[in-house]
> 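Here it is, the structure, as structure tokens.
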Amino acid sequence: MGETVENFSEWYGNILERAEIYDLRYPIKGCGVYLPYGFKIRKYAFEIIRNMLDETGHDEALFPMLIPEDLLAKEGEHIKGFEDEVYWVTHGGKTPLDVKLALRPTSETPIYYMMKLWIKVHTDLPIKVYQVVNTFRYETKHTRPLIRLREIMTFKEAHTAHATKEDAENQVKEAINIYKNFFDELGIPTIISKRPEWDKFPGAEYTMAFDTIFPDGKTMQIGTVHNLGQNFAKTFELEFETADGGKDYAYQTCYGISDRVIASIIALHGDEKGLILPPNVAPIQIVIIPLLFKGKEEIAMNKAEEVYNTLKEKGFRVKLDDRDIRPGRKFNDWELKGAPIRIELGPRDIENKKITLFRRDTGEKFQINEDDLLDGINNTMNSIMKTIKEKANERVNSFITIMDNKNNKNNNDIEALIDNVKEILAEKKGVVLIPYDKNLYNEEFEESIEASVLGITKCNGNEYIAVARTY
Ligand SMILES: Nc1ncnc2c1ncn2[C@@H]1O[C@H](COS(=O)(=O)NC(=O)[C@@H](N)CS)[C@@H](O)[C@H]1O
């Protein structure tokens with residue numbers, strides 16, 4: 001796959017179309033269409049996060065998309081952060097609306113307005129709700145399919161309210177764990193950092209961010225966890241009676257992911273032939289291709305149907321590709337679409353009670369005994385997931401440069417450090433970890449390196465300032 005910027009973004013745009021994932025020809029910039037194959041990848045990926053949230057005491061709910069202007073503007077920091085990105089609805093038909101309505105850029109304000117009606121006493125807490133909806137942000141930077149959208153079509157936002165500061169802190173830890181497990185399930189390596197004061201979520205006390213590194217060496221923010229403190233609770237008067245009969249404002253958190261999760265699966269695991277999908281999100285996990293030799297078509301088709309039924313019965317997402325085209329065409333199609341396993345069935349194999357498997361991730365082709373079909377498939381699936389993770393970790397780690405304390409003397413000679421960092425970001429790209437030094441942790445330094453300060457990250461027990469070129 002293209003390792004440099006132009007090949008990567010060309011490869012990425014190309015694959016969305018060729019693998020029939022997404023059609024960006026919709027007549028509004030920053031808006032696009034999930035095609036059925038892409039929609040299934042999205043469905044399976046977000047089933048994983050839904051299950052993780054449901055199993056940790058979250059409840060899925062659904063809030064209106066329209067937000068009255070005065071409600072959106074209630075929390076000063078929040079509206080300041082979003083005022084340039086909000087889409088407004090001003091008319092109902094021909095009738096001008098007396099109150100402008102915002103298309104939700106995110107849902108703190110509608111949700112916390114409702115929480116005020118739900119929270120009276122400490123036993124009403126914690127509340128842990130989430131929704132998977134479309135949100136709207138008038139992005140002025142370069143829009144990109146599934147990466148920087150104006151209609152964010154898969155915005156999973158969780159919002160929580162707690163009786164104590166400690167409970168909210170623990171919720172941030174739980175959310176970070178959930179995202180770690182989620183991205184691990186998808187084989188997406190991430191760097192977790194605490195965003196700098198000047199780049200936190202509008203209205204939050206602090207923001208913890210998950211970044212991954214794309215094949216072009218640029219980082220992509222693919223998830224964020226915000227500790228909102230009592231900022232919104234005070235603005236929305238989320239006041240409750242405490243256990244000891246006093247009064248306090250709720251302590252809140254919120255955490256979000258979006259379509260960038262889908263973009264990351266595509267970008268991190270693909271190769272020049274196309275997608276390489278982790279089995280847990282692959283729309284088709286196993287494709288069966290009967291090799292039809294003259295006069296022996298019957299044998300291959302019958303065995304193919306038998307194998308298909310066995311696998312279907314076991315709950316695999318399996319397809320029998322009986323199209324009347326050359327096997328080689330079928331091989332290419334399914335390698336492009338990233339089906340993890342291909343089964344080839346020819347008369348000779350059938351006679352010898354053998355089955356030929358092909359792994360999309362490594363390109364290995366090997367035979368198993370027909371009687372070992374299910375074990376063979378399960379073992380291969382597990383091995384594929386392991387290999388996909390290892391390869392993605394290798395790729396991402398190759399983009400990380402840790403400047404050791406030797407460079408620390410450079411920290412004092414800031415000019416030399418800046419030149420060093422700029423050179424690494426230009427040549428090797430990726431993320432540079434600079435031993436934490438409070439003199440560097442500011443916007444001037446960020447400007448001088450002509451890149452972004454992702455934040456403070458921990459590595460081998462030390463604190464580093466992580467810097468990178470970002471999407
Ligand atoms: N324009 C966009 N297109 C696609 N994904 C986006 C866009 N803007 C943000 N995201 C993704 O959405 C995640 C959450 O957005 S956010 O602004 O950081 N956080 C919130 O909105 C909070 N309410 C958490 S729910 C980000 O981490 C990023 O991965």
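When a ligand or atom number is given, it counts from 1 through the structure's own listing order. The model shown is predicted, which means the values in this text are computed figures rather than measured ones. In what follows, residues are counted from 1 in the order of the sequence shown. Heavy atoms only: backbone and side chains are in, while hydrogens, waters and symmetry mates are out.
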> How far is atom 3 (N) of ligand 1 from its nearest protein heavy atom, and which residue and atom name does that atom have?
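So the nearest neighbour among protein heavy atoms is Leu149 N, 3.0 Å.
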> Measure from the side-chain N and O atoms of Thr164 to the backbone N and O of Asp167, and report whether any donor-acceptor pair falls under 3.5 Å.
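Checked: pair present.
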> State whether Lys391 and Glu394 are salt-bridged, where the test is any N-O pair (Lys NZ or Arg NE/NH1/NH2 against Asp/Glu carboxylate O) under 4.0 Å.
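No, no charged N to carboxylate O under 4.0 Å.
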> Return a yes/no value for Ile257: is any of its N or O atoms, backbone included, closer than 3.5 angstrom to an N or O of ligand 1?
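Between Ile257 and ligand 1 (N or O atoms, distance only) the closest approach is not under 3.5 Å.
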> Who's the nearest protein heavy-atom neighbour of atom 1 (N) of ligand 1, and how far?
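Of the protein heavy atoms, Glu139 OE2, 2.7 Å lies nearest.
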> Is it the side chain (CB and beyond), the backbone, both or neither of Gln221 that lies under 4.0 Å from ligand 1, heavy atoms counted?
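Both backbone and side chain.
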> Is it the side chain (CB and beyond), the backbone, both or neither of Thr207 that lies under 4.0 Å from ligand 1, heavy atoms counted?
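The answer is neither; Thr207 stays 4.0 Å or more away.
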> Could you tell me if Arg42 sits above the aromatic ring of Tyr34, with its cationic atom closer than 6.0 Å to the ring centre and no more than 45 degrees from the axis?
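The answer is yes, since Arg42 meets both limits relative to Tyr34.
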> Is there a side-chain hydrogen bond (donor to acceptor under 3.5 Å, both in side chains) between Tyr112 and Glu75? Walk through the geometry before answering.
CA-CA 11 Å; Tyr112 304 164; Glu75 210 284 337; over 6 Å; no
> Report the member of Ser258, Pro105, Ala263 with the shortest heavy-atom distance to atom 11 (C) of ligand 1.
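Looking at heavy atoms only, the winner is Ser258.
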> Closer than 4.0 Å to some heavy atom of Gly223 - which atoms of ligand 1 meet that?
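In order of number, 27 (O), 29 (O).
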> Walk me through it: do His226 and Thr253 pass the test side-chain contact (heavy atoms from CB on, under 4.5 Å)?
CA-CA 6 Å; His226 312 291; Thr253 80; over 6 Å; no
> Strictly below 4.0 Å, N to O, side chains only: are Glu239 and Lys234 in salt-bridge contact?
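Salt bridge flag = no for Lys234 with Glu239.
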> Evaluate Tyr255 for polar contact with ligand 1, using N/O atom pairs at a separation under 3.5 Å.
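No; the residue has no nitrogen or oxygen that sits under 3.5 Å from a nitrogen or oxygen of the ligand.
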> As an exercise, identify every atom of ligand 1 less than 4.0 angstrom from a heavy atom of Cys254.
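Selected atoms, number and element: 22 (C), 23 (N), 24 (C).
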> Where the closest heavy atom to atom 16 (S) of ligand 1 is concerned, which of Thr135, Thr224, Ile147, Ile152 has it?
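Checking each option, the heavy atom nearest atom 16 (S) of ligand 1 is found in Thr224.
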> Would you please test Phe201 and His78 for ring pair (Phe, Tyr, Trp, His ring centres under 6.0 Å) and show each step?
CA-CA 8 Å; Phe201 179 73; His78 188 66; 5.7 Å; yes
> For atom 19 (N) of ligand 1, what's the nearest protein heavy-atom neighbour? Residue, atom name and distance, please.
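Minimum-distance protein heavy atom for atom 19 (N) of ligand 1 reads His226 NE2, 3.0 Å.
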> Show which atoms of ligand 1 fall inside a sub-4.0 Å distance from at least one heavy-atom site of Glu108.
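Numbered from 1, ligand 1 contributes 22 (C), 23 (N).
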> How does Arg150 reach ligand 1, if at all, at less than 4.0 Å between non-hydrogen atoms: by side chain, backbone, both, or neither?
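Neither; nothing of Arg150 gets under 4.0 Å from ligand 1.
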> Of all the non-hydrogen atoms in the protein, which one sits nearest to atom 17 (O) of ligand 1, and at what distance?
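It is Arg137 NH1, 3.0 Å.
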> Between Glu157 and ligand 1, is there a nitrogen or oxygen pair with a distance under 3.5 Å?
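No, since none of the N or O atoms of Glu157 sits under 3.5 Å from an N or O of ligand 1.
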> Do any nitrogen or oxygen atoms of Arg148 come within less than 3.5 Å of a nitrogen or oxygen of ligand 1?
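No, Arg148 has no N/O under 3.5 Å of an N/O on ligand 1.
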> Give the residue, atom name and distance (to 0.1 Å) of the protein heavy atom nearest atom 20 (C) of ligand 1.
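The protein heavy atom lying closest is Phe201 CE1, 3.4 Å.
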> I'd like to check which ligand 1 atoms, numbered from 1 as shown, lie under 4.0 Å from a non-hydrogen atom of Ile222.
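Counting from 1, the qualifying ligand atoms are 29 (O).
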> Please say which of Ile284, Asp321, Val287 ends up in a side-chain contact (heavy atoms from CB on, under 4.5 Å) with Arg342.
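Running side-chain contact (heavy atoms from CB on, under 4.5 Å) over Ile284, Asp321, Val287 with Arg342 returns exactly one hit, Val287.
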> Hey, are Glu197 and Lys200 close enough for a salt bridge, meaning a charged N less than 4.0 Å from a carboxylate O?
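Lys200 and Glu197: salt-bridged.
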> Charged N to carboxylate O below 4.0 Å: is that the case for Arg195 and Asp199?
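A salt bridge is present here (some side-chain N lies under 4.0 Å from a carboxylate O).
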> With heavy-atom distances below 4.0 Å as the criterion, list the atoms of ligand 1 near Thr106.
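Listed by number with element: 21 (O), 22 (C), 23 (N).
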> Identify, for atom 12 (O) of ligand 1, the protein heavy atom at the shortest distance, and state residue, atom and that distance.
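Heavy-atom neighbour on the protein nearest atom 12 (O) of ligand 1: Phe155 CE1, 3.6 Å.
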> Just by modelled atom types, is the Ile192 backbone N or O under 3.5 Å from a matching donor or acceptor in the Thr457 side chain?
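Such a contact is found between Thr457 side chain and Ile192 backbone.
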> Classify the side-chain pair His58/Thr56 by whether it contains a donor and acceptor separated by less than 3.5 Å.
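A donor-acceptor contact under 3.5 Å links the two side chains.
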